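Fair warning: this is a prediction, and the values are worked out from it, not measured in the lab.
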Amino acid sequence: MKHTKEGLSTLLSGLVVGSSMLLPGMSGGTMAIILGIYGRLIRAISSLTRDRGAKRRQSLLFLLVFCLGSVGGMLLFSKAVLYLTERFGDPMLFLFSGLILGSLPVLWRQAGIRRPTPGCLAGAALGLGLVFALRLVPDGLFAAGEGFSIQGALLLFLAGAVVAVALVLPGISASHVLLLLGLYQVALSSVSQLYLPFLLPLALGLVGGILATTSLLDRAMERRPQFTYSLIIGFVLGSVAEVFPGFSGGWGAALTGLVCLAAGCTATLLLGRLSRAQG
């Protein structure tokens with residue numbers, strides 16, 4: 001019974017994290033922190049290359065259940081997110097901005113920062129600067145043409161490796177990175193249609209990138225947690241700046257935007273509080 005309940009909890013956590021990765025600016029890693037499952041995910045991924053025997057099999061089973069939930073979340077909600085972002089552009093961006101802002105208190109608690117230090121401020125500034133530096137990536141650099149080609153597959157593999165950093169590191173949104181790389185809409189369409197010539201090389205790049213970056217992040221969060229979380233907070237603030245649509249269209253549009261912003265922020269805060277209560 002205990003294992004069944006734990007497996008169902010892992011599956012549902014994967015569903016929520018996978019769904020969150022479809023939202024521009026929302027980080028799957030940040031959502032995993034809010035749900036209280038992030039540390040176990042990092043340890044389980046590291047265990048695949050570090051441990052042997054029963055411990056490795058246990059980690060693999062945990063990751064398989066979590067990934068099953070994540071893939072299910074993306075398949076279930078990709079069409080809805082695509083429709084909503086196309087039909088209600090600015091209100092959805094306000095909602096995404098609120099979801100991101102609501103994660104900041106959780107990250108602040110995880111960092112254990114009582115008062116900002118010069119090192120913390122430097123980390124946040126570095127994270128913010130790196131997000132804005134992504135603007136320098138040429139438009140369509142990783143965009144593949146229609147059909148299959150070796151060049152297109154290699155570019156998608158590299159794009160997957162870049163997006164993997166966003167998947168592993170809280171505060172960087174995988175979908176936002178796809179947006180910056182010019183692949184967001186085609187990725188949503190490919191997921192909803194199961195278009196394998198696009199998805200397979202991207203997925204292989206994701207797997208390779210995740211395995212390559214997990215141990216590095218694990219060491220950084222153990223040795224310098226406050227600086228690392230400050231860096232993550234900088235990433236989050238940069239994501240808000242990139243996603244936030246601004247106010248235009250009169251008082252009615254502004255009021256709608258503020259309501260969506262508040263709703264997104266409240267949803268993330270409530271989810272974090274619910275997770276802490278269950279933990």
Side-chain angles (χ1 to χ4, degrees), residues 1-22 26-77 103 106-107 109-112 157 160-175 177 191 199-225 228-229 231-232 235 271-272 274-279:
M1 182 68 182
K2 179 181 178 182
H3 293 297
T4 302
K5 183 178 180 181
E6 183 179 346
L8 181 59
S9 175
T10 301
L11 186 70
L12 291 175
S13 295
L15 185 76
V16 174
V17 171
S19 303
S20 72
M21 290 190 298
L22 297 171
M26 191 63 194
S27 163
T30 301
M31 183 57 70
I33 287 181
I34 292 171
L35 295 174
I37 202 173
Y38 181 75
R40 188 178 178 188
L41 277 171
I42 294 297
R43 290 191 298 270
I45 295 172
S46 299
S47 176
L48 295 180
T49 56
R50 184 186 62 225
D51 298 324
R52 294 292 184 271
K55 191 173 182 179
R56 184 179 183 179
R57 289 194 296 272
Q58 185 179 11
S59 297
L60 182 60
L61 179 60
F62 167 76
L63 290 172
L64 286 174
V65 174
F66 180 84
C67 290
L68 181 62
S70 297
V71 173
M74 288 187 281
L75 292 176
L76 284 173
F77 297 105
S103 69
V106 179
L107 292 170
R109 281 193 298 270
Q110 290 284 334
F157 180 87
V162 172
V163 175
V165 178
L167 288 174
V168 174
L169 186 61
I172 307 180
S173 163
S175 57
V177 171
V191 169
L199 295 176
L200 283 179
L202 190 70
L204 290 174
L206 284 172
V207 172
I210 287 171
L211 292 176
T213 56
T214 299
S215 60
L216 178 63
L217 175 63
D218 197 17
R219 288 196 297 269
M221 297 185 83
E222 285 183 359
R223 297 176 183 178
R224 300 197 64 186
T228 304
Y229 274 103
L231 184 71
I232 291 168
F235 287 136
L271 187 59
L274 179 62
S275 177
R276 291 197 306 275
Q278 291 179 343

K.L.:
Which residues pass the side chain to side chain contact (heavy atoms under 4.5 Å, CB included) test with Leu75, sequence neighbours left out?
P.N.:
Val71, Val191, Leu194

K.L.:
Please report the interatomic distance CG(Leu11) to SG(Cys67), rounded to the nearest 0.5 Å.
P.N.:
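If we round to the nearest 0.5 Å, Leu11:CG and Cys67:SG are 11.0 Å apart.
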
K.L.:
Quick check for you: to the nearest 0.5 Å, what is the distance between Thr10 atom OG1 and Leu64 atom CG?
P.N.:
11.5 Å

K.L.:
Which heavy-atom pair separates Ser19 from Leu15 by the least distance, and what is that distance?
P.N.:
OG-O, 2.7 Å

K.L.:
Between Ala44 and Phe62, what is the shortest heavy-atom contact and its length?
P.N.:
CB-CD2, 3.7 Å

K.L.:
Look up atom CZ in Arg56 and atom CG in Leu61, then write down how far apart they are to the nearest 0.5 Å.
P.N.:
14.0 Å

K.L.:
I need the minimum non-hydrogen distance between Ile42 and Thr214, along with the two atoms involved.
P.N.:
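Heavy atoms only, the tightest pair is O-CG2, 3.6 Å.
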
K.L.:
Please, which pairs that meet side-chain hydrogen bond (donor to acceptor under 3.5 Å, both in side chains) have at least one residue in residues 59-72, sequence neighbours excluded?
P.N.:
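As it turns out, the side-chain hydrogen bond (donor to acceptor under 3.5 Å, both in side chains) pairs with a partner in residues 59-72, which skip direct neighbours, are Ser47-Ser59.
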
K.L.:
Could you pull out all residues at least two apart from Ala32 that satisfy side chain to side chain contact (heavy atoms under 4.5 Å, CB included)?
P.N.:
Val17, Ile37, Tyr38, Leu41

